[in-house]
Novice: 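Please read through the structure below; I'll follow up with questions.
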Amino acid sequence: MPELPEVETIAAGVHARVHGARIARVWHSEKPQTFKSPAEEIARALTGVLISSVRRVGKTIVMTVERKKSSTEFLIHLGMTGRLLVSAPDVPLATHTHMILTLDDGRQIRFVDPRRFGRLSLQPADTPYTGPGSEPLTISQSDFSALFHPRHTPIKAALLNQSLLHGVGNIYADEALFRSSVRPTRLAASLTRIELTCLRTSLLDVLRQAIQLGGSSVSDYVDADGARGFFQLEHRVYQRTNQPCLVCKSPIRRIVLAGRSTHFCSHCQK
DNA sequence: AGGTTGACCTGGACGC
DNA sequence: TGCGTCCAGGTCAACC
């Protein structure tokens, strides 16, 4: 489900609500696939700890917890349909709830994930989680260009490769490529220096605007309060197949690239 | 080694 | 109403 702006919105929302709180007890489902570290180990590591922060790294939510002098990072990857909610205890449990962290004051942090592509894990001690790739919001233009220029794969596939940039997914890849007038099928190595500059600028614009609007709610995305985002109203190509391009009125095309549906304007994007 | 494809899951939308 | 098909915002193992 969620890409960088959605994960950013969720992490910030959860942080604001629970930082400084203590986890009194932990419940988990019996779906082993969800737990990249054994569920019992996660439960043990989180029971009785103080939540010091919740932040985003790539598409992963990192919850840092403290016990006495030692700190641990709990990693939450939402996959396609994962949700992290802060709920009052009397709110009915959603189906597909896989973990509940009950706080001292009774509130609960709930991880819900129907499709079970999400993953929960513990980061090894003393090695802060940095994610697989570079951070799109802070990478320099020269690093950005150096990352993509050697790649002999379609630029769309390269943008989705989390070991290059982490945090960009299908929606924002399509939207950034449209705004920079670059066709998704172009080999990354074929982009000129100017096109790479334009692409990074467009990507930053799209991600920042989406964060401001609370992310895109395409189907079931909601933030920590269960509220929907509004960036879907700003989509110019994503899920607009056959609708007129907002610039030139040509119908938006949909193809499958890197196994993902890909939307673009064949007139505006060269 | 880098690039590509299919498998992993459930549920909603749509057509008959 | 009910069944079948297709589609979905992400990864990762297994292949070329």
Side-chain angles (χ1 to χ4, degrees), chain A residues 1-11 29-37 56-61 75-84 94-98 111-121 129 131-133 136 146-178 184-190 203 206-207 209-211 213-223 228-242 254-264:
Chain A
M1 143 185 105
E3 307 181 30
L4 187 152
E6 293 76 36
V7 179
E8 177 81 22
T9 303
I10 293 166
S29 72
E30 299 297 333
K31 298 287 189 189
Q33 182 199 46
T34 298
F35 304 97
K36 213 162 134 190
S37 311
R56 174 197 65 79
V57 175
K59 292 177 195 169
T60 299
I61 297 170
L75 307 185
I76 302 142
H77 195 294
L78 300 173
M80 295 269 263
T81 53
R83 296 158 60 170
L84 196 65
T95 46
H96 309 292
T97 298
H98 297 298
F111 176 70
V112 181
D113 185 16
R115 248 174 112 180
R116 279 189 273 140
F117 285 178
R119 293 290 178 271
L120 305 179
S121 61
Y129 181 74
L147 220 44
F148 290 99
H149 188 252
R151 295 283 156 169
H152 292 271
T153 188
I155 184 63
K156 165 79 182 270
L159 282 170
L160 294 179
N161 182 343
Q162 302 294 298
S163 67
L164 302 177
L165 281 188
H166 58 206
V168 180
N170 208 32
I171 294 178
Y172 299 101
D174 279 6
E175 292 297 320
L177 286 166
F178 175 77
T185 50
R186 288 269 303 282
L187 292 188
S190 79
L203 184 59
V206 158
L207 294 175
Q209 193 192 356
I211 291 169
L213 294 177
S216 298
S217 292
V218 173
S219 61
D220 51 6
Y221 159 74
V222 290
D223 71 10
R228 293 166 62 83
F230 292 98
F231 189 74
Q232 68 278 9
L233 303 173
E234 304 292 327
H235 293 173
R236 297 185 193 168
V237 285
Y238 182 75
Q239 285 191 348
R240 293 195 64 245
T241 310
N242 292 330
R254 175 187 180 277
I255 60 172
V256 175
L257 182 53
R260 314 301 303 282
S261 76
T262 297
H263 313 75
F264 68 100

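Here is how names work: the chains are called A, B, and so on, in the same order as the sequence lines, proteins then strands, and each is numbered from 1. On a predicted model such as this, the values are computed, not experimentally measured, just so you know.
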Novice: Does DNA chain B take part in any stems of at least 3 consecutive Watson-Crick or G-U pairs (both distances under 3.5 Å), and if so, which ones?
Specialist: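 For DNA chain B the paired stretches long enough to count as stems (3 pairs minimum) are B:2-8 with C:10-16, B:10-16 with C:2-8.
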Novice: Show me the pairs that pass salt bridge (Lys or Arg N to Asp or Glu O under 4.0 Å) and involve residues 153-173 of chain A, at least two apart or across chains.
Specialist: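 Matches after skipping sequence neighbours: A/Lys156-A/Asp174.
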Novice: Partners of A/Ser163 by side-chain hydrogen bond (donor to acceptor under 3.5 Å, both in side chains), sequence neighbours excluded?
Specialist: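 With neighbours one apart ignored, the set is A/Asn161.
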Novice: Between the protein and nucleotides 11-14 of chain B, list the N/O to N/O atom pairs that are separated by less than 3.5 angstrom.
Specialist:
{"from": "B/dG11", "atom 1": "OP1", "to": "A/His96", "atom 2": "NE2", "distance (Å)": "2.5"}

Novice: Quick one: ring pair (Phe, Tyr, Trp, His ring centres under 6.0 Å) partners of A/Phe148, sequence neighbours excluded?
Specialist: A/Phe144
Novice: In chain order, what residues pass the side-chain hydrogen bond (donor to acceptor under 3.5 Å, both in side chains) check against A/Arg186, with sequence neighbours excluded?
Specialist: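 Partners of A/Arg186 under the side-chain hydrogen bond (donor to acceptor under 3.5 Å, both in side chains) test: A/Ser190, A/Glu195.
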Novice: Taking side-chain contact (heavy atoms from CB on, under 4.5 Å) as the definition, give me every residue that meets it alongside A/Ala146, ordered by chain and number, with sequence neighbours left out.
Specialist: none
Novice: Check DNA chain C against residues 159-170 of chain A and give the residues with a non-hydrogen atom under 4.0 Å, in numerical order.
Specialist: A/Gln162, A/Gly169, A/Asn170
Novice: Which residues pass the side-chain hydrogen bond (donor to acceptor under 3.5 Å, both in side chains) test with A/His98, sequence neighbours left out?
Specialist: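 Checked A/His98 against side-chain hydrogen bond (donor to acceptor under 3.5 Å, both in side chains); matches are A/Ser29.
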Novice: Could you list the residues that satisfy ring pair (Phe, Tyr, Trp, His ring centres under 6.0 Å) with A/Phe117, not counting sequence neighbours?
Specialist: none
Novice: With sequence neighbours left out, what residues match A/Tyr172 under side-chain hydrogen bond (donor to acceptor under 3.5 Å, both in side chains)?
Specialist: A/Glu6, A/Ser216
Novice: Choose from C/dT11, C/dA8, B/dC9 the nucleotide whose nearest atom is closest to any side-chain atom of A/Arg254.
Specialist: C/dA8
Novice: With sequence neighbours left out, what residues match A/His235 under ring pair (Phe, Tyr, Trp, His ring centres under 6.0 Å)?
Specialist: A/Phe231, A/Tyr238
